[in-house]
Amino acid sequence: MKFNPETDIRNFEAVHTEMENAAVNGENAIRVVKKDKIMQFDENTLVRLKDVNFHNGIIRVKMLARLLPDAPDFARGFIGIVYRVSGDNSEFESFYIRPTNGMTDDPIRKAHGCQYFSYPGYTFAYFREFGITEYEAPIHNGLDEWVSLKAVIEDDRADFYLNDEAEPVLHVSGMKHGKDARGAVGFFSEIGTEAFFRDLEIETFD
């Protein structure tokens with residue numbers, strides 16, 4: 001399945017966000033910004049694709065992040081995807097990148113370039129509190145550039161690839177909602193981020 005943002009925005013539903021068609025760097029895209037839960041982290045601030053019940057497969061999308069003019073100083077340009085989103089948006093799995101951390105020379109921030117989290121119980125704050133580090137990794141991508149993301153999801157495992165790199169930037173085993181979870185696919189935007197998405201493709205295995 002392929003989705004053209006020029007004609008198919010009606011197939012998406014905004015959840016605690018605002019969305020619109022937009023042109024960025026000569027490309028047509030869907031623009032997403034947070035509308036609610038503005039100062040809360042790793043919340044269900046997303047845009048979901050209607051009438052999709054995804055279990056296993058491959059999700060591809062191109063995404064670009066900018067900082068909003070009023071972004072707080074801790075904003076990182078958080079941008080990513082959600083998948084296996086429950087019907088009431090109360091549970092999902094997610095992967096996002098922090099583009100400003102991909103641009104920094106600070107080794108601590110550099111290590112936090114991308115993130116897997118599982119809503120609602122397993123946020124980055126939870127992982128940090130308990131010293132769990134396997135759900136983050138460095139990236140080499142920055143703000144205001146198109147980043148190609150490929151997510152390969154199978155049972156309770158996921159591999160996330162950026163910009164056609166041969167090896168995944170992050171491998172996740174034991175996703176928190178388990179191997180049988182299924183649901184919608186969509187886009188994720190966080191604090192201070194102006195997020196753009198295009199060229200969404202979904203390939204299902206089952």
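Heavy atoms only: backbone and side chains are in, while hydrogens, waters and symmetry mates are out.
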task: Using a cut-off of 6.0 Å, state whether more than 12 heavy atoms not belonging to Asp164 lie near its atom CG.
output: no
- request: First locate atom CD of Glu190, then atom NZ of Lys34, and finally report the distance between them rounded to the nearest 0.5 Å.
  value: 4.5 Å
field: Asn89 side, atom CG; Glu43 side, atom CD - distance, nearest 0.5 Å
entry: 12.0 Å
- line: Cluster membership besides Leu68, Ile/Leu/Val/Met/Phe/Trp/Tyr side chains within less than 4.5 angstrom, sorted by chain and number, is Val33
message: Does any part of the side chain of Gln40, heavy atoms only, come nearer than 4.5 Å to the side chain of Thr45, both counted from C-beta?
response: no
task: May I ask you to decide if the ring planes of Tyr126 and Phe130 are parallel, tilted or perpendicular, using 30° and 60° as cut-offs?
output: tilted
query: Would a distance-only check, ignoring hydrogens and angles, find a side-chain to backbone donor-acceptor pair under 3.5 Å from Thr17 to Val32?
result: no
- request: Look at the side chain of Ser118 and the backbone N and O of Tyr122, then say whether any donor-acceptor pair between them is shorter than 3.5 Å.
  value: no
task: Before giving the answer on side-chain contact (heavy atoms from CB on, under 4.5 Å), spell out for Leu46 and Ile81 the whole-Å C-alpha distance, their side-chain angles and the decisive distance to 0.1 Å.
output: CA-CA 8 Å; Leu46 56 97; Ile81 61 169; over 6 Å; no
- prompt: Is Arg84 salt-bridged to Glu91, going by a charged N under 4.0 Å from an acidic O?
  reply: no
query: Relative to each other, are the rings of Phe12 and Phe187 parallel, tilted or perpendicular (30° and 60° limits)?
result: parallel
task: State, with a plain yes or no, whether a side-chain heavy atom of Asn163 is found less than 4.5 Å away from one of Val147.
output: yes
Beyond-backbone contact of Leu149 with Phe95, side-chain heavy atoms, under 4.5 angstrom: yes
task: Find the distance between CD (Glu203) and NZ (Lys2) and round it off to the nearest 0.5 Å.
output: 11.0 Å
message: If hydrophobic residues (ILVMFWY) are linked whenever their side-chain heavy atoms come closer than 4.5 Å, directly or via other members, who joins Leu143 in its cluster?
response: Leu67, Met103
query: What do the steps show when you test Ile97 against Met63 for side-chain contact (heavy atoms from CB on, under 4.5 Å), and what is the final call?
result: CA-CA 10 Å; Ile97 64 173; Met63 54 192 191; 4.0 Å; yes
message: Quick check: closest heavy atoms across Ile191 and Ile38, and the distance to 0.1 Å?
response: CG1-O, 3.1 Å
query: Between Phe92 and Phe117, does the ring centroid distance fall short of 6.0 Å?
result: yes
message: Testing the basics here: between Val172 and Met175, what is the closest heavy-atom pair and its distance to 0.1 Å?
response: CG1-CG, 3.8 Å
Close aromatic pair by centroid cut-off 6.0 Å: Tyr119 and Phe188: no
task: For the pair Glu13 and Lys50, find out whether any cationic side-chain nitrogen is under 4.0 Å from an anionic carboxylate oxygen.
output: no
Considering all heavy atoms, the nearest Ile79-Pro99 contact: CG2-CG, 4.4 Å
- prompt: Where does the angle between the aromatic ring planes of Tyr83 and Phe54 fall among parallel (under 30°), tilted (30 to 60°) and perpendicular (over 60°)?
  reply: perpendicular
- request: Please answer: with hydrophobic residues joined when any side-chain heavy atoms are less than 4.5 Å apart, are Val185 and Phe197 in the same cluster?
  value: yes
query: Strictly under 6.0 Å, is that where the ring centroids of Phe124 and Phe41 end up?
result: yes
field: Non-neighbouring partners of Glu136 that pass salt bridge (charged side-chain N to carboxylate O under 4.0 Å, His left out), sequence neighbours left out
entry: Arg98, Arg128
message: With heavy-atom distances below 4.5 Å as the criterion, would you say the side chains of Asn21 and Asn28 are in contact?
response: no
- request: Look at the side chain of Asn101 and the backbone N and O of Lys110, then say whether any donor-acceptor pair between them is shorter than 3.5 Å.
  value: no
- request: Check step by step if side-chain contact (heavy atoms from CB on, under 4.5 Å) holds for Val15 and Arg48.
  value: CA-CA 7 Å; Val15 180; Arg48 60 179 287 157; 4.2 Å; yes
statement: Closest non-hydrogen contact found for Glu134 with Leu170 is O-CD1, 3.6 Å
task: Starting at OH of Tyr96, measure out to CG of Asp42 and round the result to the nearest 0.5 Å.
output: 3.5 Å
- prompt: Salt-bridged, Lys176 to Glu93, with N to O below 4.0 Å?
  reply: no
query: Do Phe205 and Ile153 belong together in a cluster built from hydrophobic side chains that touch within less than 4.5 Å?
result: no
- request: Let me see the working for His16 and Asn44 under side-chain contact (heavy atoms from CB on, under 4.5 Å), right down to the final yes or no.
  value: CA-CA 7 Å; His16 301 302; Asn44 54 346; 3.4 Å; yes
message: To the nearest 0.5 Å, what is the distance between CG on Leu64 and CG on Asp144?
response: 5.0 Å
message: Checking Asp206 against His55: is there a side-chain donor and acceptor pair closer than 3.5 Å?
response: yes
query: Which atoms form the tightest heavy-atom contact between Pro72 and Gly192, and what is the distance?
result: CD-CA, 4.3 Å
message: Applying a strict under-4.5 Å side-chain criterion to I, L, V, M, F, W and Y, I'd like to know whether Ile9 and Val52 cluster together.
response: yes
- prompt: Would a 4.5 Å heavy-atom cut-off, applied to side chains only, mark Trp146 and Arg198 as touching?
  reply: yes
message: Which heavy atom of Ala22 sits nearest to which heavy atom of Arg31, and what is that distance?
response: CB-CB, 3.9 Å
Asn25 side, atom CG; Arg66 side, atom CZ - distance, nearest 0.5 Å: 5.5 Å
